[in-house]
Amino acid sequence: MEIKKNSFGLLLTYATVMLFPSILFLIVKNNTLLFYTTLCCSLLGVATMFYLNKKNAYKNNLEKKTTTVFRSLLWGIGGAIVALVLQRFSLIVETGILGQSVSSQNTAEALAIMRRYPFYLVYLVGAAPLMEEFVFRKVLFGNLGTLIPPVGAALISSILFSIAHADGHFLTYALLGLFFCYLYRKTGRLLTSMTAHILMNAIIIVLQFVI
């Protein structure tokens, strides 16, 4: 029962946050309103997810044995660096072998939005990765992994993570999703994959402005 409450609450919150701004935009076609609404909804979504994850607490098999918070943070910081290397490697494979474009549509669009609406950085670096970790790692990997073999849950989680980004770089996002699953499994704390995901996004954005 606990697993259903925990999973359903997190999934419903994520779906609401993702859909509401788009539905509102269909009614009121205003970009400024869209991005302000996206940020506000995502921040409310993050707060709701933390609340629901505590209220409807469920410790899946990964979370029954955890490392210390400090070690988890260290794994997260190191994980961000590894994730960047993994991303670069997968992009080389995609462009060199699969013939895909090296450019990322998601990154290009995000940077364009951020240049006009700087507050959107909070969504890109903070709110979005936090919500994604709750959904794709906590629910679709950790919780689902108590019902089916963990490897299967990791694959499902990572494939859906890649599809959700709809960027064309399917391999890159799938590999990143698998790696974040590994970090979560390694420490038993969602804090680890959250840290790695947030730092990776932040570094990518900084590099786009520096290089």
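Clustering ILVMFWY residues whenever any of their side-chain heavy atoms sit less than 4.5 angstrom apart, transitively, puts L52 in a cluster other than the one holding V139. Criterion: ILVMFWY side-chain heavy atoms under 4.5 Å apart, direct or through other members. Under it, I148 and L11 are part of a common hydrophobic cluster. Criterion: ILVMFWY side-chain heavy atoms under 4.5 Å apart, direct or through other members. Under it, I92 and F170 are not part of a common hydrophobic cluster.
Here CD of Q87 is found 11.5 Å from CG of L171. Values are rounded to the nearest 0.5 Å. Taken to the nearest 0.5 Å, the OG1 atom of T195 stands 9.5 Å off from the CG atom of L183. Put simply, OH on Y123 and SG on C41 are 10.0 Å apart, with the number rounded to the nearest 0.5 Å. Going from atom CG of L190 over to atom OG1 of T66 covers 12.5 Å, rounded to the nearest 0.5 Å. To the nearest 0.5 Å, atom CD1 of residue I23 and atom CE of residue M18 are 12.0 Å apart. The distance from atom NZ of K138 to atom OG of S157, rounded to the nearest 0.5 Å, is 13.0 Å.
Salt-bridge check for K59 with E2: failed, with every basic side-chain N at 4.0 Å or more from each acidic carboxylate O.
Inspection of the Y184 and E63 side chains reveals an N or O donor paired with an N or O acceptor under 3.5 Å. A donor-acceptor contact closer than 3.5 angstrom is absent between the side chains of T107 and Q208.
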What do the steps show when you test K5 against Y58 for side-chain contact (heavy atoms from CB on, under 4.5 Å), and what is the final call?
CA-CA 9 Å; K5 284 185 178 181; Y58 173 73; over 6 Å; no
**OP:** Check step by step if side-chain contact (heavy atoms from CB on, under 4.5 Å) holds for I198 and V125.
**Re:** CA-CA 5 Å; I198 287 172; V125 174; 3.9 Å; yes
Open item on the list: Apply side-chain contact (heavy atoms from CB on, under 4.5 Å) to residues W75 and R189 and explain how you reach the verdict.
Closed with: CA-CA 10 Å; W75 270 97; R189 292 184 186 273; over 6 Å; no
Open item on the list: For L130 and M49: C-alpha separation, side-chain torsions, deciding distance, then whether side-chain contact (heavy atoms from CB on, under 4.5 Å) applies.
Closed with: CA-CA 9 Å; L130 287 173; M49 284 178 155; over 6 Å; no
Any chance you could lay out the ring pair (Phe, Tyr, Trp, His ring centres under 6.0 Å) test for F134 and F50, step after step, and finish with the verdict? CA-CA 9 Å; F134 270 121; F50 273 105; 5.0 Å; yes
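Atom CZ of F119 has more than 12 neighbouring heavy atoms from other residues, nucleotides or ligands inside a 6.0 Å radius.
Residues E94 and T172 approach most closely at OE1-OG1, 2.9 Å, considering heavy atoms.
In this structure the side chain of P21 never reaches within 4.5 angstrom of the side chain of L24, judged on heavy atoms.
Between H169 and Y173, the gap from one ring centroid to the other reaches at least 6.0 Å.
Between F180 and H197, the two ring planes are parallel [angle under 30°; tilted spans 30° to 60°].
Sorted by first and then second residue, the side-chain hydrogen bond (donor to acceptor under 3.5 Å, both in side chains) pairs with a member in residues 113-122 read T32-Y117; sequence neighbours excluded. Screening residues 7-29 for side-chain hydrogen bond (donor to acceptor under 3.5 Å, both in side chains) gives S7-N143 as the qualifying pairs, with residues at least two apart or on separate chains.
The side chain to side chain donor-acceptor pair (under 3.5 Å) test applied to N53 returns N6, not counting sequence neighbours.
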